[in-house]
Amino acid sequence: MPVKGTGEYDDTNIFARILRGEIPCRKVHEDQWSLAFHDINPQAPTHVLVIPKARYISWADFSARAGEAEIAGFVRAVGQVARDLGLEEPGYRLLANIGEHAGQEVPHLHVHLFAGRGLGPMLAR
Ligand code: 5GP
């Protein structure tokens, strides 16, 4: 059942197709709950996307419907990717675009991980 404001999950979205193996990706990490892969149009020297494997559109949707193990698995996957890529120093940025005002293009929840240079101000001014 969709959470208010998130609509129906669209099984034709590009990340659903990547999860089904219909479209290739440059995989960084995979476990029971999560998949991480390089963004096709990187906006930093390192630009990785981490997604839950199940059908969630937004943070609201995920936090309302996902089970405890699934939430823990996804959060741990984000941390593990950052550690595995050696990004703790000098640091990295996590970002999730949710909905129209944030410019979310792909309606499957994803966390962007940016690194590899100074990333500038948090938001464009
Ligand atoms: P959003 O704007 O929804 O937060 O970010 C969607 C991201 O998905 C963009 O950074 C875009 O470059 C990336 N993307 C879109 N299509 C593909 C694809 O087919 N493969 C990969 N690896 N990334 C994609």
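These figures come from a predicted structure and were not determined experimentally. Note that ligands are numbered from 1 as they come in the structure, with each ligand's atoms numbered from 1 the same way. All residue numbers in this chain count up from 1 along the given sequence.
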Validation: residues 96-105 side-chain donor-acceptor distances under 3.5 Å, sequence neighbours left out:
from	atom 1	to	atom 2	distance (Å)
Gln104	OE1	Gly99	N	2.8
Gln104	NE2	Ile57	O	3.1
Gln104	NE2	Val106	O	3.0

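- Taking every heavy atom of His112 and a limit of under 4.0 angstrom, the matching atoms of ligand 1 come to 1 (P), 4 (O), 5 (O), 7 (C), 10 (O).
- Regarding atom 8 (O) of ligand 1, its nearest protein heavy-atom neighbour is Phe15 CZ, 3.4 Å.
- Taking every non-hydrogen atom of Val106 and a distance limit under 4.0 Å, the qualifying atoms of ligand 1 come out as 3 (O), 6 (C).
- Annotation for Ala36 and Val50: closest pair CB-CG2, 4.0 Å, computed over non-hydrogen atoms.
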- Item | Test side-chain contact (heavy atoms from CB on, under 4.5 Å) applied to Asp61 and Tyr9, step by step | CA-CA 10 Å; Asp61 190 17; Tyr9 183 85; 5.5 Å; no
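- Residue Arg26 does not touch ligand 1, judged by heavy-atom distances below 4.0 Å.
- Close contacts between ligand 1 and Gln104 involve ligand atoms 3 (O) [criterion: under 4.0 Å to a heavy atom].
- Shown in contact with Ile18 at under 4.0 Å from a heavy atom are these atoms of ligand 1, numbered in order with element: 20 (N).
- Using a cutoff of 4.0 Å between basic side-chain nitrogens and carboxylate oxygens, Lys53 and Glu30 are scored as salt-bridged.
- Under a 4.0 Å criterion applied to the non-hydrogen atoms of Asn97, ligand 1 contributes the atoms 1 (P), 2 (O), 4 (O).
- At most 12 non-hydrogen atoms from other residues, nucleotides or ligands lie less than 6.0 angstrom from CZ of Arg76.
- Every atom of ligand 1 is numbered from 1 in the order shown, and the set under 4.0 Å from a heavy atom of Gly103 is 2 (O).
- Atom OH of Tyr56 sits about 3.5 Å away from atom CD of Glu70, to the nearest 0.5 Å.
- Residues Leu19 and Phe37 fall within the same hydrophobic cluster, defined by Ile, Leu, Val, Met, Phe, Trp and Tyr side chains chained together at heavy-atom separations under 4.5 Å.
- The single protein non-hydrogen atom nearest to atom 3 (O) of ligand 1 is Glu105 N, 2.6 Å, given as residue, atom name and distance.
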Please set out all donor-acceptor pairs under 3.5 angstrom arising from side-chain atoms of residues 109-117, sequence neighbours excluded.
from	atom 1	to	atom 2	distance (Å)
His110	ND1	His108	O	2.6
His112	ND1	His47	NE2	2.8
Arg117	NH2	Gln43	O	2.8

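- Compare Asp39, Ile98, Ile51 by their heavy atoms: the one nearest to atom 11 (C) of ligand 1 is in Asp39.
- Every atom of ligand 1 is numbered from 1 in the order shown, and the set under 4.0 Å from a heavy atom of His110 is 1 (P), 3 (O), 4 (O), 5 (O), 6 (C).
- Interatomic distance, CG of Asp10 versus CZ of Arg55, reported as 9.5 Å (0.5 Å rounding).
- For atom 19 (O) of ligand 1, the closest heavy atom belonging to the protein is Ile14 CG1, 3.5 Å.
- Both the backbone and the side chain of Ile40 come within 4.0 Å of ligand 1, counting heavy atoms alone.
- What sits closest to atom 22 (N) of ligand 1 on the protein, heavy atoms only, is His38 O, 2.9 Å.
- In summary, the atoms of ligand 1 found under 4.0 Å from a heavy atom of Asn41, numbered by their order in the structure, are 12 (O).
- Within the model, atoms CG of Asp39 and OG1 of Thr46 stand 11.5 Å from one another, a figure rounded to the nearest 0.5 Å.
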